[in-house]
Amino acid sequence: MSLLPFYAFATSITGIKADGDTKVFSLDDVVSIKVDGESDLAVRSRSGEVDGGFQVIKFSEVISQMSDSKSDLAVKVYPNPVKSVLYLVGADANMKFEIVSATGKVVMKGQGESVNVSNLASGQYVIICGNKSVKFIKE
């Protein structure tokens, strides 16, 4: 069995049992979610407690992704539109990126969790991180 990294941007998860009983867990308190058998899901908290028997786990905001490669991580940008510094949510200090203009020209390359775009002309751009691309507007 291979374990895949799991990336989630949510505040809580809800475990739902077959009888409809539910329990809400704060993601700050969740250490792991384990699958036992076909559909028995268990949640382990930081205190070491395990609550199981869930048939479904739902995230409060479904902005999550499982990946077998860090380059597959879903990257989001803010602020958009941007005046000076563009932050790359989901990137790390080693994540390489390219910024491409609307004409298809690579105008900037670098790596990191943010990029100073104050020297770019106003307009639409695409930032490519790993194999993901995100459009943004430079004011």
Side-chain angles (χ1 to χ4, degrees):
M1 181 172 109
S2 156
L3 295 178
L4 299 175
F6 184 78
Y7 304 98
F9 299 100
T11 56
S12 66
I13 60 173
T14 302
I16 304 169
K17 296 187 178 187
D19 64 3
D21 188 27
T22 63
K23 182 167 183 183
V24 177
F25 301 88
S26 167
L27 275 188
D28 291 336
D29 191 42
V30 173
V31 173
S32 65
I33 300 171
K34 181 179 177 186
V35 179
D36 291 324
E38 296 271 327
S39 62
D40 182 20
L41 303 169
V43 176
R44 179 180 302 274
S45 68
R46 291 194 187 283
S47 65
E49 292 179 46
V50 176
D51 197 344
F54 301 109
Q55 301 297 304
V56 176
I57 299 283
K58 289 188 176 184
F59 287 82
S60 60
E61 300 171 37
V62 184
I63 307 174
S64 59
Q65 179 173 348
M66 278 197 290
S67 171
D68 61 358
S69 166
K70 191 146 190 159
S71 68
D72 286 341
L73 177 62
V75 174
K76 301 199 177 303
V77 298
Y78 79 92
N80 192 6
V82 60
K83 289 184 181 182
S84 58
V85 178
L86 185 68
Y87 295 94
L88 311 175
V89 178
D92 63 28
N94 298 317
M95 176 78 71
K96 293 183 180 183
F97 63 82
E98 288 185 340
I99 296 178
V100 180
S101 70
T103 62
K105 180 181 175 191
V106 175
V107 294
M108 190 180 289
K109 290 184 179 184
Q111 70 182 46
E113 301 167 303
S114 65
V115 57
N116 185 337
V117 294
S118 60
N119 291 333
L120 293 179
S122 296
Q124 289 188 323
Y125 294 88
V126 173
I127 186 163
I128 302 167
C129 301
N131 64 357
K132 303 294 180 191
S133 60
V134 181
K135 292 179 186 177
F136 72 93
I137 298 171
K138 165 63 171 73
E139 289 186 329

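Only this structure's heavy atoms are used, side chains among them; waters, hydrogens and symmetry mates stay out. Heads up: numbering here begins at 1 and tracks the sequence. Not measured: the values here are computed from a predicted model.
Heavy-atom minimum distance, A121 versus K138: O-CG, 3.4 Å. What you find for S133 and I128 is that their closest heavy atoms are CB-CG1, 4.0 Å. Contact between G15 and F54 at its shortest, heavy atoms only, is C-CD2, 3.2 Å. A pairwise comparison of heavy atoms in M108 and N116 identifies CE-O, 3.7 Å as the closest pair. The minimum heavy-atom distance linking F97 with Q111 is given by the pair CE2-N, 3.4 Å. When every heavy atom of N80 is checked against every heavy atom of K135, the shortest pair comes out as ND2-O, 3.3 Å.
Residues F25 and D51 are in side-chain contact: their nearest non-hydrogen atoms beyond the backbone lie under 4.5 Å apart. The closest side-chain heavy-atom distance from V43 to V50 is not below 4.5 Å. Taking the side chain as every heavy atom from C-beta outward, I99 and V115 approach each other to under 4.5 Å.
Ring geometry for F136 versus Y125: interplanar angle under 30°, hence parallel rather than tilted (30 to 60°).
Among L88, I127, V126, the single residue meeting the side-chain contact (heavy atoms from CB on, under 4.5 Å) criterion with V134 is I127.
Going from atom CZ of R44 over to atom NZ of K34 covers 7.5 Å, rounded to the nearest 0.5 Å. Going from atom CD of E98 over to atom NZ of K105 covers 13.0 Å, rounded to the nearest 0.5 Å. Here the straight-line distance linking atom CG of L120 with atom OG of S84 works out to 11.0 Å at 0.5 Å rounding. Separating the NZ atom in K83 from the OG atom in S122 is a distance of 10.0 Å, to the nearest 0.5 Å. Here the CD-OG1 distance, from Q124 to T103, works out to 12.0 Å after rounding to the nearest 0.5 Å.
Both L86 and V107 belong to a single network of hydrophobic side chains, linked directly or stepwise wherever heavy atoms of I, L, V, M, F, W or Y lie under 4.5 Å apart. There is a path of hydrophobic side-chain contacts, each under 4.5 Å, that joins V85 to V89.
Counting non-hydrogen atoms of other residues, nucleotides and ligands closer than 6.0 Å to CD of E139 gives a total above 12.
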